Visitor: 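Okay, here's the structure, questions in a sec.
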Amino acid sequence: MQLIATFAVRLLRLALVMVCVAAVSFGLMMLSPIDPIDAYLGPQMAQVSPEQRDLIAERWGFNEPPVVQFGHWLGQLIQGDLGVSHVYNQPVSEVIGQRFKRSIVLLGSAWLLTTLVGFALGVVAGAREGSLLDSIISTYAYLTASTPAFWLAMLLLLLFSVYLGWTPVCCAGPTGTLSQDVGLATRLHHLILPVMTLALVGIATITLHTRTRMIALMNSNIATHAFAQGASRWDIAWRHGIRHASLPALTLSLASLGELFGGSVLVEQVFAYPGLGEATVAAGLRSDVPLLLGIALFTALFVSVGNLLADTLYALIDPRMQKVTP
Amino acid sequence: MSRAQPRRDALWMGAAIAVLLVALLSSRWWLGDTPGQMHFDARLAAPSLDHWLGTDALGRDLWARTLAGLSLSIGVGSLAALIGTFIALGMALLAMLGPRFDALVALVIDTLLSVPHLILLLLIAFALGGGTQAVIIAVAVTHWPRLARLLRAELLQLRHAPYIAMSRALGKSQCFVMVYHYLPQVLPQCVVGALLLFPHAILHEAALTFLGVGLDPSQPAIGLLLADAMRYLSSGVWWLGLFPGLGLLLVVLSLERLASHWRHAL
């Protein structure tokens with residue numbers, strides 16, 4: 001019961017935050033010096049008379065005060081209408097849906113790989129602090145924590161696609177073929193490098209966090225007691241360490257979905273992978289306001305749900321938490 | 001000895017990195033116009049003794065351009081980190097004014113943290129129309145929330161400290177308590193926070209510029225050098241892609257190490 005109540009409070013909080021996100025992003029768009037009518041017309045700007053511009057402004061409600069415009073937009077948003085993207089000439093919800101379907105494969109596999117490998121490396125490094133393996137893993141983690149994701153993507157592209165020719169140079173499938181004709185093997189082949197890049201960079205945080213927790217455990221009374229009973233270091237890491245460190249690692253990796261998404265924007269740009277990230281950049285560069293707003297809301301929802309899950313998981317999985325809550 | 005050692009190490013490291021940063025930052029002046037100079041007889045030349053890191057498609061020296069780019073990055077990054085730290089400090093102090101202000105600050109922080117950094121950066125840079133100023137503001141506005149959270153937690157612990165209750169009982173104003181009690185307590189945190197923000201600011205500036213919504217295309221920023229390198233990647237021109245990123249990595253890495261050393265030393 002307690003659990004449901006806290007969950008409901010968190011859900012309400014999420015709704016409030018989402019309204020704030022909508023207001024902030026709408027406000028930012030209103031602030032933009034780029035004229036929405038110019039952006040819509042594009043190169044035909046010169047052929048339109050001032051009277052026609054007024055007509056467009058009236059039809060779209062640009063001459064109303066911002067608060068009224070925000071009200072209209074919010075009203076339509078609640079009905080599920082996000083407007084039309086002029087870059088892709090499609091409803092925004094369709095663009096996001098199609099793009100996200102491609103991105104989720106990339107994000108999902110990168111997330112899984114990051115979490116599993118990052119956790120394993122953290123456990124191995126933290127189990128024996130100061131060992132050769134620990135210093136190699138820590139150095140790697142510190143190094144990749146400072147590496148720009150898009151630069152690593154470029155280097156991998158250069159090495160594996162240009163010099164070795166093992167992986168394709170770009171896109172989600174061979175150029176010239178329709179996306180539904182692309183087989184599973186080809187799809188995976190095109191995914192290898194983007195996923196690798198995201199995972200190589202993303203591992204650092206989880207590894208370092210898990211390592212710290214493992215070191216704390218190895219210096220605790222639990223470990224001393226187990227050592228006294230004759231358990232080996234790996235025994236302790238396996239029996240106590242994994243339980244001790246797995247929940248925080250999972251929470252952390254759920255809470256860092258935002259960073260993963262940010263990384264995917266850059267990586268999709270380098271590999272010309274037609275996902276949501278690439279659409280975001282296109283929308284930004286070609287001032288597609290409805291699409292930008294839609295993506296901001298969608299990704300905010302995505303990240304907030306991740307955070308909500310991270311908060312709730314603790315209470316759900318860890319039996320100690322349920323007893324402690326008053 | 002054991003107590004003084006980490007502090008002395010941090011100090012030396014700080015001094016060494018400060019010299020490196022100032023040297024890089026000032027490179028814009030002692031390089032003169034070499035970053036823009038074109039050598040048409042040496043276009044896309046591989047690294048050699050004449051051009052240490054090679055040249056780009058217009059025959060411009062990559063070594064000079066990388067230095068100029070790093071100088072720009074450090075300038076933008078330090079400004080953004082400073083502004084971000086000030087916003088964080090201001091917000092944390094604002095949260096101390098009362099439960100209503102506290103809830104408001106928490107809501108602002110939650111809102112900003114729920115949008116992925118890069119998307120928010122894109123939105124702000126778009127709203128401000130791009131350019132150096134827009135990047136500095138965008139990076140500062142997106143990076144303060146984490147630090148503000150930290151400072152707020154620190155201040156909350158202080159609020160019920162006996163000496164603050166006493167100070168209030170003696171009739172000191174809210175303003176006095178803020179300036180003379182709260183501020184000195186979180187100042188070290190602010191210094192470390194600013195240092196930690198610095199490398200992130202640099203990385204995000206480079207990312208924004210790489211995507212084409214950041215710094216002005218006429219300046220040799222690292223993000224632009226790398227975006228330019230993308231075009232020649234498939235013809236095997238490796239130096240354009242490798243060196244600017246390596247320079248960025250070295251700067252970010254040294255700042256990151258310095259920040260973590262200082263955090264332990266303080």
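We name chains A, B, ... by the order of the sequence lines, and we start the count at 1 in each one. Given the structure is predicted, the values throughout are model-derived calculations rather than measurements.
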Visitor: Pick one of side chain, backbone, both or neither for A:Leu260, based on which atoms fall under 4.5 Å of a heavy atom in chain B.
Guide: neither

Visitor: Under a 4.5 Å heavy-atom cut-off, does chain A meet the side chain of B:Ile119, its backbone, both or neither?
Guide: side chain

Visitor: Given that the side chain runs from C-beta out, which part of A:Leu31 has a heavy atom under 4.5 Å from chain B: side chain, backbone, both or neither?
Guide: both

Visitor: To the nearest 0.5 Å, what is the distance between CE (A:Met29) and OG (A:Ser287)?
Guide: 10.0 Å

Visitor: Please name the pair of heavy atoms, one in A:Asp288 and one in A:Val87, separated by the smallest distance, quoted to 0.1 Å.
Guide: OD2-N, 3.1 Å

Visitor: Is NZ or CZ of B:Arg257 both nearer than 6.0 Å to the six-membered ring centre of A:Tyr142 and within 45° of the ring axis?
Guide: yes

Visitor: Considering only heavy atoms, which portion of B:Leu122 lies under 4.5 Å from any heavy atom of chain A: side chain, backbone, both, or neither?
Guide: side chain

Visitor: Under a 4.5 Å cutoff for heavy-atom pairs, which residue among A:Thr280, A:Leu257, A:Asn307, A:Leu285 has the most contacts with chain B?
Guide: A:Leu285

Visitor: Check B:Pro47 against B:Trp238 and note the closest heavy-atom contact, atom names and distance.
Guide: CG-CH2, 3.9 Å

Visitor: Quick one about B:Glu205 and B:Thr209 (side-chain donor to acceptor, distance below 3.5 Å, no hydrogens or angles considered), yes or no?
Guide: yes

Visitor: Could you tell me which of B:Leu253, B:Leu112, B:Leu255 has the largest number of non-hydrogen atom pairs under 4.5 Å with chain A?
Guide: B:Leu253

Visitor: Give, as side chain, backbone, both or neither, the part of A:Leu157 having an atom under 4.5 angstrom from any heavy atom of chain B.
Guide: side chain

Visitor: Sort out for me which of A:Leu266, A:Leu301, A:Val281 touches chain B most, counting heavy-atom pairs under 4.5 Å.
Guide: A:Leu266

Visitor: What part of A:Val270 lies closer than 4.5 angstrom to a heavy atom of chain B: side chain, backbone, both or neither?
Guide: both

Visitor: What closest approach, in Å, do B:Thr111 and A:Cys20 show between heavy atoms, and which atom pair accounts for it?
Guide: OG1-CB, 3.3 Å

Visitor: Check whether A:Glu129 reaches the backbone of A:Ile215 with its side chain - one donor and one acceptor, N or O, closer than 3.5 Å.
Guide: no

Visitor: By a 4.5 Å heavy-atom criterion (distance strictly below it), what part of A:Phe302 contacts chain B: side chain, backbone, both, or neither?
Guide: neither

Visitor: For B:His204 and B:His143, test the side chains for any donor-to-acceptor distance below 3.5 angstrom and give the result as yes or no.
Guide: yes

Visitor: Might you confirm whether atom CZ of B:Arg149 has over 12 heavy atoms from other residues, nucleotides or ligands at distances under 6.0 Å?
Guide: no

Visitor: Which atoms of B:Leu211 are under 4.5 Å from chain A, going by heavy atoms: the side chain, the backbone, both sets, or neither?
Guide: both

Visitor: Quick one: what part of B:Ala134 sits under 4.5 Å from any heavy atom of chain A, side chain, backbone, both or neither?
Guide: neither

Visitor: Does any heavy atom of chain A fall under 4.5 Å from the side chain of B:Leu113, the backbone, both, or neither of them?
Guide: backbone

Visitor: Need one label for A:Val24: side chain, backbone, both or neither, based on atoms under 4.5 Å from any heavy atom in chain B.
Guide: side chain

Visitor: At a 4.5 Å cut-off on heavy atoms, which part of B:Phe126 comes close to chain A: side chain, backbone, both, or neither?
Guide: both

Visitor: Identify the two heavy atoms, one from A:Leu198 and one from A:Ser264, that lie closest to each other, and give their separation to 0.1 Å.
Guide: CD2-N, 3.7 Å

